[in-house]
Amino acid sequence: MDKLDLWSLNYNELAELLCSWGEPAYRADQVYDWLYRSLILSVDDMTNLPIRLRQRLMGMATLPSLDVGQKHYSSDANAVKFLFLAADGQAIEGVLLKYRRWFSACLSSQAGCRMGCAFCASTLGGLVRNLSVGEMVGQLIYLTREAKRLGADLRSLVLMGSGEPLDNYENVLRFLTQVTEPNGFDLSYRRLTLSTCGLVPEIRRLARERLPLTLAVSLHAPTDDLRTELMPVNRIYPLAELMIACCQYVELTGRRLTFEYVLLARVNDSPYQAHQLAELIGTLPCHVNIIPFNPVPGSSFKAPTPDRVRLFYQVLQTRGIPVTVRRELGQDIEAACGQLRHRALKKRT
């Protein structure tokens, strides 16, 4: 019989399990506290549980469902990248990013990705499988432990690592529900960001959930021709359809959108394209996050010059669109999604 993954159980599921074993109700609080407040990695560490219960948990449940394969620190100490190994040997990335005096976690939702974006290392090799709830929780456990070791809290998380979160919809929604539980991680939805390349039906479905999280939509081009060249998903869900879904999301949730825009030198970084982007966005409540390309070995794309980044930024700003340029973190440790995993996979072949 397959063992239960404790990290995949929400509080009610854990309480029901322990109740079915004849345990008092407070045992669920004790176990949850060990998992998400003490961040333990072994049932043996749950020292206030009776030995018989610990033995039963160890016999019927597993913890952890991930191991740390590699850990890399950036030279400026503002980023830590983990390469996790799942039980089946799949490599999974997670990144810890420092902002002022606190950390944000960037997590993966899939092993690989099938979206095929031309500039992204995550999609090299295609999709292997979806990650389980426990594997996503496990990433957050390890990153939270590391943040505490470095002397700061982990206050936010983004699903922007390897994979398309909305392509793993059910597990991602369970994960988000679980990490916001008051007796668990107790993260606010307003500190959660989910990034999508633009799966229109799932954006509409997520809108109906009315969760107060931040939705980050990857645009990367202001026209259909260029976006289709960069992002094959645009063949199925072109910009007009995507923008209608974005408007519906804002209307149903009341939340401002974030548009992600990776600047690729001499591809999508001209001032004229910035004006096109402003026309596309119009008056939709949003924020544009400009991301200078983080070079991927073997890629033909190049990072834009600082002048091109500045000009693109200035056009959007003068058009009245809230815009920032993402601070570059972890470039020396291949912190862009999929890079470290891709390098590990190449070593195996």
Side-chain angles (χ1 to χ4, degrees), residues 7-15 32 35-36 94-95 97 99 102-110 113 115 130-141 143-144 153-219 233 237 241-260 281 284-289 322 324 337:
W7 281 339
S8 72
L9 301 179
N10 63 35
Y11 179 82
N12 289 335
E13 290 167 339
L14 178 64
Y32 232 61
L35 292 175
Y36 300 118
V95 184
L97 302 168
Y99 296 92
W102 54 275
F103 284 100
S104 179
C106 180
L107 309 182
S108 295
S109 56
Q110 295 179 310
C113 182
M115 296 299 114
N130 288 330
L131 298 188
S132 69
V133 176
E135 287 168 333
M136 287 182 275
V137 169
Q139 294 173 70
L140 189 54
I141 293 279
L143 294 178
T144 304
D153 292 332
L154 193 152
R155 295 187 184 177
S156 67
L157 71 85
V158 295
L159 286 170
M160 287 187 184
S162 295
E164 162 58 56
L166 294 184
D167 196 32
N168 186 15
Y169 191 94
E170 299 294 343
N171 285 347
V172 165
L173 261 288
R174 277 181 54 88
F175 166 76
L176 294 175
T177 301
Q178 194 160 316
V179 299
T180 54
E181 288 184 323
N183 48 357
F185 282 109
D186 195 24
L187 288 172
S188 166
Y189 273 111
R190 296 182 184 277
R191 293 184 178 271
L192 308 184
T193 300
L194 185 152
S195 177
T196 178
C197 69
L199 300 184
V200 166
E202 285 71 26
I203 290 174
R204 290 174 173 151
R205 184 180 176 188
L206 183 64
R208 292 192 294 270
E209 308 276 358
R210 288 179 166 82
L211 302 176
L213 55 76
T214 297
L215 181 66
V217 178
S218 297
L219 283 181
V233 69
Y237 307 116
E241 191 173 345
L242 175 59
M243 297 307 292
I244 290 172
C246 288
C247 290
Q248 292 171 338
Y249 186 87
V250 171
E251 289 171 5
L252 286 175
T253 65
R255 297 285 289 167
R256 183 179 71 162
L257 286 170
T258 292
F259 286 117
E260 305 282 345
I281 292 171
L284 184 65
C286 71
H287 170 267
V288 174
N289 191 11
T324 54
C337 56

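As the structure is a computational prediction, the values presented were derived from the model and not from experiment.
- Across all their heavy atoms, Ala245 and Val200 have their closest contact at CB-CG1, 3.9 Å.
- Residues Cys246 and Val217 approach most closely at SG-CG2, 4.0 Å, considering heavy atoms.
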Would you sort out whether Leu140 and Leu187 count as a side-chain contact (heavy atoms from CB on, under 4.5 Å), showing the intermediate values?
CA-CA 11 Å; Leu140 189 54; Leu187 288 172; 4.3 Å; yes

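- In terms of heavy atoms, Ser195 sits closest to Ser218 at OG-OG, 3.8 Å.
- Counting only residues at least two apart or in different chains, salt bridge (charged side-chain N to carboxylate O under 4.0 Å, His left out) contacts with residues 131-140 comprise Arg129-Glu135.
- Here the CG-CG distance, from Leu14 to Leu35, works out to 7.0 Å after rounding to the nearest 0.5 Å.
- Within the structure, every pair that satisfies the side-chain hydrogen bond (donor to acceptor under 3.5 Å, both in side chains) test and touches residues 248-257, not counting sequence neighbours, is listed here: Arg204-Gln248, Thr214-Arg255.
- Here the CG atom belonging to Asn289 is positioned 7.0 Å from the CE atom belonging to Met160, to the nearest 0.5 angstrom.
- Here the side chains of Cys247 and Leu284 are in contact, with some heavy-atom distance below 4.5 Å.
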Hey, mind stepping through Thr144 and Phe103 against side-chain contact (heavy atoms from CB on, under 4.5 Å) and telling me if it holds?
CA-CA 9 Å; Thr144 304; Phe103 284 100; over 6 Å; no

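- To the nearest 0.5 Å, atom CD of residue Glu260 and atom CG of residue Leu219 are 9.0 Å apart.
- Residues Trp102 and Ser156 have side chains in contact (heavy-atom distance under 4.5 Å, counting atoms from C-beta outward).
- Side chains of Phe175 and Asn168 form no contact here, defined as non-hydrogen atoms less than 4.5 Å apart.
- With sequence neighbours left out, the salt bridge (charged side-chain N to carboxylate O under 4.0 Å, His left out) criterion links Glu13 to Arg174.
- For the residue pair Ala216 and Thr193, the shortest heavy atom distance occurs at CB-CG2, 4.0 Å.
- Annotation: side chain of Leu211 is in contact with side chain of Leu173 (closest heavy-atom distance under 4.5 Å).
- Side chain of Gln139 to main chain of Ala105: no donor-acceptor pair is present (N/O by atom type, distance under 3.5 Å, no hydrogens or angles).
- In this structure a side-chain-to-backbone donor-acceptor pair under 3.5 Å is missing from Gln110 to Ser162.
- Ser108 and Leu131 make their closest contact through O-CD1, 3.4 Å (heavy atoms, listed as atom of the first residue, atom of the second, distance).
- Atoms OG and CG, from Ser104 and Leu192 in turn, are 9.5 Å apart once rounded to the nearest 0.5 Å.
- Between Ile203 and Leu215, some side-chain heavy-atom pair lies under the 4.5 Å cut-off.
- For Tyr237 against Gly198, the heavy-atom pair with the smallest separation is CD1-O, 3.5 Å.
- Atom-to-atom distance recorded for Glu209:CD and Leu252:CG is 11.0 Å, nearest 0.5 angstrom.
- If you run side chain to side chain contact (heavy atoms under 4.5 Å, CB included) between Val133 and each of Leu176, Val179, Asn171, only Asn171 comes through.
- Taking Glu202 as the reference, nothing meets the salt bridge (charged side-chain N to carboxylate O under 4.0 Å, His left out) condition, with sequence neighbours excluded.
- Side-chain atoms of Asp153 do not come within 3.5 Å of backbone N or O of Arg155 as any donor-acceptor pair.
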Passes side-chain hydrogen bond (donor to acceptor under 3.5 Å, both in side chains), Glu164 versus Thr196? Steps please.
CA-CA 6 Å; Glu164 162 58 56; Thr196 178; 3.0 Å; yes

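- Annotation: side chain of Leu194 is in contact with side chain of Leu166 (closest heavy-atom distance under 4.5 Å).
- Applying the ring pair (Phe, Tyr, Trp, His ring centres under 6.0 Å) definition to pairs two or more places apart or across chains, those involving residues 181-204 are Tyr36-Phe185.
- Arg205 is linked by a salt bridge (charged side-chain N to carboxylate O under 4.0 Å, His left out) to Glu170, counting only residues two or more places apart in sequence or in another chain.
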